[in-house]
Participant: 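Input: one structure, supplied below.
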Number of protein chains: 2
Amino acid sequence: MTRTLADPSLDAAADFASDAAGDGLAVSLVGTCEATFSGRAERRLPGGVRQLLWKPDDTLLVHGASGRDPDAWASGAAVAVAVERASGHASDDHLVVETDGGAADALRVQFSAVHAATAFDPASADATVSGTESDLKERVLADPDLVEPGFRPLATERETPAGRVDVYGRDADGNVAAVELKNVRAGPSAASQLERYVTALRRDLHADATVRGVLVAPGVTEKTRRLLAESGLTFSEVS
Amino acid sequence: MTRTLADPSLDAAADFASDAAGDGLAVSLVGTCEATFSGRAERRLPGGVRQLLWKPDDTLLVHGASGRDPDAWASGAAVAVAVERASGHASDDHLVVETDGGAADALRVQFSAVHAATAFDPASADATVSGTESDLKERVLADPDLVEPGFRPLATERETPAGRVDVYGRDADGNVAAVELKNVRAGPSAASQLERYVTALRRDLHADATVRGVLVAPGVTEKTRRLLAESGLTFSEVS
DNA sequence: TCGTAGATATCGCCT
DNA sequence: AGGCGATGTCTACGA
């Protein structure tokens, strides 16, 4: 199923990529290229050796020497491959892989040489993941005292005009409590988010209702701790 | 500089990858593999054909059929490659690429077969980008009336106890104005962010100072528009 | 190193 | 299709 070409001509690489994509395969091209992106921003990559990965869902990734994120990418638009002939020597020809011209996000990758081409039938992502905020919610529902002693959950993802509260319930004194969960050390945006929910709940519920806000996270930054205090919100640490 | 192997044995692929990495090259392995990640979360990829990209900075990327983001990845930890012998048939051997065992984020990619291997000397990312929030700031400084008629900037990235204000200045009436820039349609978090800055400035400045907040963006969602209105903040549209 | 916020964020869920 | 928020976010920039 996997096919390979070493040091193909541009024509051979173009045919190889086109055929493989037509067969629903992913295509990897390693070679000297430059790239331009035009869409929500403009980006230009100078000439250099990179790897282009063309996935069956028409995601294009251009990877260079470092980093998890591609140096350039495009997704969602149809992709075409072609050899553009130079008027002079054939050595000035280019293999061009680019998104459909009509797309809002236009990526053009132009190879002056392709050193290796590989096509393969890739596995669909079917990963099992654990350790996310969703797991933290399960833990809190199984043991509400993690939020604070006496807390009792009444609903999850409760709607408010400001968005959904992760966990909604009442504290030991019977006050309404909105709980925001973060599974990483919390920053200022988490405090603001919780404050939005609490404010919205105070507006929605009877005026005499006391509404508390509790941020549950493995930690908070100092600035965030101060913001919580100023807003009358509570931080509750979980491992 | 670029090297290629087609359908190598596991031993040959391991030597190839090890040598290439030692030479500071990037290595692409396409083959049947499964992968496990253990760190901030747990993740498991079942057996299937994928591409592993091992960059010179020891970033590992495992790409499958779809999406811009890898199905699994690791970065920052030393990477080792080895062939693990099965006690039975050699056909049960595995090529294993994994991060150093001591690393907090542990990725292990285990190939039962390698179909193609490529090594190349990748270009460093040296992209020029435009069209970001930074560009919007330049535009606003060059033409402050984009914020609102009469606005005059006094500082950028001004520090407050709640964070940095993108642009700090005074409006036509001499009131202090904090400007938050977004180069995409703004959501609730942008309104909260601006509110944090305005509240902090009111606290810091003399009690009699009027502090306004202006969100400059190509658009806002309806809920965000309401949040801004409730907080007494202004929205200013820019193209 | 930590904190903070942007990103061509991407991705998934829900309306 | 758009809004909304999480993400193993990643990445750059300061203090």
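Computed from heavy atoms alone, side chains included, the values below leave out hydrogens, waters and symmetry copies. Order of the sequence lines sets the chain letters (A, B, ...), proteins ahead of strands, with each chain counted from 1.
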Participant: Looking only at atom P, what distance separates dC4(D) and dG8(D), rounded to whole Å?
Facilitator: 22 Å
Participant: Pull out every residue in residues 28-44 of chain A that has a heavy atom closer than 4.0 Å to any atom of DNA chain C, ordered by number, or say none.
Facilitator: Phe37(A), Arg40(A), Ala41(A), Arg43(A)
Participant: Could you go through nucleotides 12-15 of chain C and list every protein N or O atom that sits under 3.5 Å from one of its N or O atoms, giving the distance for each pair?
Facilitator:
residue: dC14(C); atom: O3'; partner: Arg164(A); partner atom: NH2; Å: 3.4

Participant: Using heavy atoms to find the nearest nucleotide of DNA chain D for Ser189(B) and Asp71(B) separately, return the residue whose nucleotide is more 5′.
Facilitator: Ser189(B)
Participant: Less than 3.5 Å apart, which donor and acceptor atoms pair up between the side chains of residues 226-239 of chain A and the rest of the protein, not counting sequence neighbours?
Facilitator:
residue: Ser231(A); atom: OG; partner: Glu195(A); partner atom: OE2; Å: 3.3
residue: Ser231(A); atom: OG; partner: Leu227(A); partner atom: O; Å: 3.1
residue: Thr234(A); atom: OG1; partner: Arg212(A); partner atom: NH2; Å: 3.2
residue: Ser236(A); atom: OG; partner: Leu146(A); partner atom: O; Å: 3.2
residue: Ser236(A); atom: OG; partner: Val147(A); partner atom: O; Å: 2.7

Participant: Sticking with atom P, work out how far dG6(C) lies from dA6(D), rounded to a whole angstrom.
Facilitator: 16 Å
Participant: What is the minimum heavy-atom distance between Tyr168(B) and Phe151(B), and which atoms define it?
Facilitator: C-CZ, 4.5 Å
Participant: Mind checking Gly67(B) for me? I need base, sugar-phosphate or nothing, with any heavy atom below 4.0 Å counting as a touch.
Facilitator: sugar-phosphate
Participant: To the nearest 0.5 angstrom, please state how far the CG atom of Asp126(B) sits from the CG atom of Leu45(A).
Facilitator: 9.0 Å
Participant: Looking at every strand, decide which applies to Glu222(B) at a 4.0 Å heavy-atom threshold: base, sugar-phosphate, or nothing.
Facilitator: nothing
Participant: In whole Å, measure the gap between the P atoms of dT4(C) and dT8(C) for me.
Facilitator: 23 Å
Participant: Do you see a donor-acceptor pair shorter than 3.5 Å between the side chains of Ser192(B) and Ser189(B)?
Facilitator: no
Participant: Take the protein atom CH2 of Trp73(B) and the nucleotide atom C1' of dC11(C), then report the distance between them rounded to whole Å.
Facilitator: 11 Å
Participant: Could you tell me the boundaries of the chain A footprint on DNA chain D, defined by atoms under 4.0 Å from its heavy atoms?
Facilitator: dG5(D) to dT11(D)
Participant: Which atom pairs, one a donor and one an acceptor, fall under 3.5 Å between side chains of residues 58-67 of chain B and the rest of the protein, sequence neighbours left out?
Facilitator:
residue: Asp58(B); atom: OD1; partner: Trp54(B); partner atom: NE1; Å: 3.0
residue: Thr59(B); atom: OG1; partner: Asp57(B); partner atom: OD1; Å: 2.9
residue: Thr59(B); atom: OG1; partner: Asp57(B); partner atom: OD2; Å: 3.1
residue: His63(B); atom: ND1; partner: Lys55(A); partner atom: NZ; Å: 2.9

Participant: Starting from P on dA5(C), measure out to CD on Glu133(B) and report it in whole angstrom.
Facilitator: 11 Å
Participant: Which of these, Gln110(B), Glu34(B), Glu84(B), sits in a side chain to side chain donor-acceptor pair (under 3.5 Å) with His94(B)?
Facilitator: Gln110(B)
Participant: Using whole Å, report how far CD of Glu157(B) lies from C1' of dT4(C).
Facilitator: 11 Å
Participant: With sugar-phosphate meaning primed atoms plus P, OP1 and OP2, does Val129(A) contact a base, only sugar-phosphate, or nothing at under 4.0 Å between heavy atoms?
Facilitator: nothing
Participant: Mind checking if Ala104(B) touches a base, just sugar-phosphate, or nothing, with heavy atoms under 4.0 Å?
Facilitator: nothing
Participant: Heavy atoms within less than 4.0 Å of DNA chain C: which residues of residues 50-65 of chain A have one? Give them sorted by number.
Facilitator: none
Participant: Would you say dA5(C) has OP1 or OP2 under 4.0 Å from some side-chain N or O of Arg196(B)?
Facilitator: yes
